[in-house]
*Asks:* 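This is the structure, below, for whatever I ask next.
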Amino acid sequence: MIPKPPRLSELSSGAILVAGAGHSTIIPDFDFETYSPAGFIWNVTTNRFDPPRGATKRGLSTVGAAVYAEHPETEILSCAYDLKDGRGRQLWQPGNNGIEPLLEHVRMGGILEAWNSMFEYLIWNNVGFKRYGWPILPLNQLRCAMSKARSFGLPGSLAAAGDILGCDARKDREGKRLLDKFSIPRNPTKKDLRRRILLKDDAIDAAKLLAYNERDIEVEAEISSKIPDLIPQELEFWLCDQAINARGVAVDTASVSNCIEIIEQAYARYNDELTRITNGEVKKASEVARLIRWLASKKVYTENLDEEALDFLLSGDLPEDVRRALIIRKTVGSAAVKKLYAMINTTTKKGRIHDLFVYHSARTGRAAGMGVQPQNLPNSGEMVSLCNCGRYSAINTKGCPWCGSIATRDQKEWNPIAVEHALEVITARNLDCLEYFFGNAVATISGCLRGMFIASPGHDLICSDYSAIEAVVLAAIAGEDWQTEVFRTHGKIYEMTASRLTGIPFEEFELYKGTSGQHHPKRKLGKVASLASGYGSWLGGWKAFGADKFLNDEEIKIAILAWRDASPNIVNLWHRLEECAINAVLNPGIHFSHRGITYFVNQNVLYCQLLSGRRIVYHDPQLYPSERNPSKSQLSFEGWNTNPKYGAIGWVRLSTYGGKLTENVVQATARDILAHAIVNLEKAGYPVVLHVHDEIVVEISESACRNSISEVEKIMSTMPTWAKNWPIRAQGGWRAKRYAK
């Protein structure tokens with residue numbers, strides 16, 4: 001009789017299980033339940049807890065884990081752990097015994113896994129170490145089951161990941177009620193004046209919370225056992241990612257506070273104006289439903305007032321009062337300036353913001369942002385004028401507001417010096433003053449947002465980015481040699497593309513620029529073609545890059561086909577990758593490759609193995625007849641969708657095609673090059689504080705040598721062996737006190 005395999009709970013630390021197309025290692029795990037009033041502001045007037053300034057939500061999600069963990073009233077309610085040493089799950093509460101085996105495990109350098117391990121790291125070192133004298137828990141002794149789940153194409157939600165994997169152990173659905181009861185403050189009532197409920201106040205629910213704590217590590221362990229471990233180089237990058245989040249980046253809190261003061265003055269003024277325009281029907285620009293009804297009374301109809309809808313409405317002929325109301329809504333509704341509140345609410349006592357990046361948020365491995373979300377900061381402010389006195393101001397002032405000169409001033413793009421001049425004016429905390437110098441106050445402050453990230457005292461920031469990295473990666477993977485050669489030499493891909501599309505000699509583009517000082521009129525065709533064509537887009541894709549401003553639909557179609565004729569290897573890449581993916585679904589277990597990109601199916605998961613060795617994951621792949629061509633197959637898969645454009649939010653079935661598969665491969669490969677650079681920068685003593693797709697920011701001592709920019713760019717430009725001949729370069733780097741674009 002064949003013996004039954006051991007249960008998961010019976011496996012010892014270090015045991016190896018088959019998981020997907022890889023393996024999963026059994027690791028000791030732990031989980032905290034905590035209480036904190038962080039992110040709850042007591043209002044003595046209303047006798048209730050309010051959100052922090054400028055926020056709509058209270059608690060951890062608003063202030064972030066670092067601020068939460070350092071709050072003096074944050075405490076550990078319980079800690080569940082399992083060292084996988086035969087003793088099973090253990091539960092500790094402050095004042096009780098039983099935590100020593102866990103502490104000794106950490107002292108001896110043992111590894112611990114958790115779901116979202118950064119939270120456990122911060123609680124351990126801010127509460128456990130400081131209050132109870134526990135040993136410091138180093139980052140390199142942590143592993144994260146949530147990060148494994150994300151790398152496997154699953155959501156970061158423990159409950160959702162468990163449901164998708166069909167785990168036997170499921171997260172306790174009553175957990176939210178218990179956490180709301182014991183882990184956060186409560187608003188008092190006439191019958192119950194308590195602002196907090198303690199575990200000792202309700203023994204029955206307290207027992208349920210402790211059981212919930214134990215249940216969580218059981219669920220986490222089962223999910224982790226079903227997911228492949230990170231491959232070695234990816235684990236190395238994940239540890240760097242955690243170090244970046246723990247390190248954080250310094251914030252100019254004084255300037256943030258100054259900007260908030262002016263923004264609130266502006267909002268009060270604009271809302272008063274809106275009240276007058278609408279005769280009191282709309283008192284705040286945030287009252288969207290009321291504003292839509294008022295617009296309808298003016299015979300202007302819209303279902304929403306998001307940015308796209310506002311831009312469409314403002315592009316038409318409108319009565320002056322309607323136009324002004326919409327402009328106020330657009331100004332006050334700016335998501336960018338709301339980041340000021342996120343900055344002030346998530347900055348720790350040491351003046352830094354931590355935990356800004358979500359590891360492997362996208363299927364391709366790209367990071368997303370949390371809190372302030374540095375990935376979508378505005379690139380710049382409005383155009384400015386430069387006076388002979390060396391000062392910047394708005395372009396529409398009659399004279400220089402700094403020196404009074406009425407001489408003609410040069411118009412310039414927004415730049416770091418303009419940011420410094422604007423912030424100098426902003427110190428007055430006066431809306432009229434800022435508008436006098438720089439015009440639109442909200443746009444000016446929006447342009448200063450990047451500059452709120454600063455070097456800490458005695459340090460500088462160094463920043464550099466990759467030039468057209470995804471375009472180079474696409475050309476290199478596809479074998480489109482003429483494009484690769486352009487990037488290897490002069491880099492003028494727009495001009496060369498326009499030359500190939502129009503037949504105009506490349507030299508004529510150069511000559512035109514040298515003679516007139518302006519770009520050749522046909523260069524814009526090359527620019528749109530280069531930006532819009534790489535992944536098989538048609539009319540809509542080209543129009544998104546502005547092609548309809550100088551071409552009609554028929555001309556766009558002709559240009560698209562001309563670009564495809566000029567780039568046959570890229571077009572072939574779309575078709576071959578789709579063919580490989582479909583063949584892999586039809587023939588599970590067999591590998592299909594094109595130019596080093598390999599697709600295969602294992603246990604109902606489609607994998608795309610990249611040149612780096614990392615894999616993109618597509619769950620439950622299926623084929624169905626294509627709507628455009630029923631004789632061909634269309635590929636679909638299940639995945640976690642966060643974009644309403646692609647369907648419902650959550651775990652849904654998504655369709656894909658050759659161009660999209662190519663985009664995934666290119667984006668993932670570019671991300672792996674960025675990850676390679678981050679690891680090497682950290683090893684070389686250049687601590688990374690920010691990274692945004694193709695850009696890296698490091699923080700160094702002021703005394704560091706002056707050629708540090710070139711060193712950083714040399715490290716960034718050193719490619720992994722699988723891309724050693726690709727012409728990818730970091731260039732245009734700068735060294736300064738403030739972050740800029």
Side-chain angles (χ1 to χ4, degrees), residues 16-25 148-154 165 226-235 237 360 362-365 473-480 535-536 569-624 626 632-639 653-673 675-676 719-726:
I16 305 295
L17 300 175
V18 173
H23 67 268
S24 178
T25 306
K148 280 179 60 175
R150 289 188 182 280
S151 72
F152 196 55
L154 297 171
L165 290 175
K226 295 175 179 289
I227 299 172
D229 293 340
L230 301 181
I231 59 177
Q233 67 264 33
E234 192 62 18
L235 175 60
F237 171 64
H360 214 296
R363 183 173 298 103
T364 57
V473 169
L474 175 60
I477 290 178
E480 203 63 78
Y535 305 124
N569 290 324
I570 292 177
V571 175
N572 186 50
L573 182 65
W574 307 337
H575 299 314
R576 292 298 305 278
L577 292 185
E578 184 172 25
E579 181 181 274
C580 288
I582 289 174
N583 283 333
V585 174
L586 292 171
N587 301 277
I590 300 177
H591 291 56
F592 296 87
S593 302
H594 177 65
R595 295 190 61 81
I597 307 300
T598 300
Y599 290 86
F600 65 97
V601 169
N602 177 282
Q603 296 182 16
N604 201 33
V605 175
L606 172 65
Y607 295 90
C608 169
Q609 184 154 314
L610 305 166
L611 298 174
S612 65
R614 189 168 65 88
R615 295 164 178 166
I616 306 174
V617 176
Y618 305 90
H619 289 272
D620 190 20
Q622 294 183 13
L623 300 173
Y624 60 92
S626 169
K632 293 186 176 182
S633 295
Q634 177 85 36
L635 176 63
S636 72
F637 63 95
E638 289 187 345
R653 179 155 294 279
L654 302 164
S655 62
T656 191
Y657 56 94
K660 189 67 176 178
L661 292 170
T662 301
E663 182 184 41
N664 286 178
V665 167
V666 169
Q667 188 181 105
T669 302
R671 177 271 195 192
D672 287 347
I673 290 170
H676 176 78
M719 292 294 104
T721 54
W722 47 267
K724 63 181 180 180
N725 295 320
W726 294 4

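Sequential numbering from 1 along the given sequence is applied to the chain's residues. Everything numeric here is computed off the predicted structure, so don't read it as measured data.
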*Asks:* Yes or no on side chain to side chain contact (heavy atoms under 4.5 Å, CB included) for Y618 and L661, after CA distance, side-chain angles and deciding distance?
*Replies:* CA-CA 11 Å; Y618 305 90; L661 292 170; 3.8 Å; yes
*Asks:* Could you tell me if the ring centre of H594 sits under 6.0 Å from that of Y599?
*Replies:*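 No; Y599 has its ring centre 6.0 Å or more from that of H594.
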*Asks:* Distance check, rounded to the nearest 0.5 Å: D672 atom CG versus L611 atom CG?
*Replies:*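 Here the rounded value is 9.0 Å.
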*Asks:* Is the backbone of S612 close enough, under 3.5 Å, to the side chain of Q233 for a donor and an acceptor to pair up by distance?
*Replies:*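 Present.
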*Asks:* Checking E578 side chain against Y657 main chain: does a donor-acceptor pair fall under 3.5 Å?
*Replies:*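 Side chain of E578 to backbone of Y657, a donor-acceptor pair under 3.5 Å: no, none is there.
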*Asks:* How far does CZ of R653 sit from OH of Y624, to the nearest 0.5 angstrom?
*Replies:*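 Reported value, rounded in 0.5 Å steps: 9.0 Å.
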*Asks:* For a side chain to side chain contact (heavy atoms under 4.5 Å, CB included) check, start with the C-alpha distance between R615 and F600, then their side-chain angles and the critical distance, and finish with the verdict.
*Replies:* CA-CA 10 Å; R615 295 164 178 166; F600 65 97; 3.8 Å; yes
*Asks:* With rounding to the nearest 0.5 angstrom, report the NZ to CG distance, K660 to L577.
*Replies:*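 CG of L577 is found 14.0 Å from NZ of K660.
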*Asks:* Would you say the side-chain atoms of R614 pair up with the backbone N or O of A668, donor to acceptor, closer than 3.5 Å?
*Replies:*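 Confirmed, R614 side chain pairs with A668 backbone.
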*Asks:* Please determine which of F152, Y607, F637 meets the ring-ring contact (aromatic ring centres under 6.0 Å, His included) test together with H619.
*Replies:*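 The option that passes is F152.
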*Asks:* What I want to find out is whether R671 reaches E234 closely enough, with some N-O distance under 4.0 Å, to be called a salt bridge.
*Replies:*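 Looking at E234 together with R671, the answer is yes, because their closest N to O distance falls below 4.0 Å.
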*Asks:* Looking at every non-hydrogen atom in both residues, tell me the closest pair between K724 and M719 and how far apart they are.
*Replies:*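 Closest pair (atom of K724, atom of M719, distance): CA-CB, 4.0 Å.
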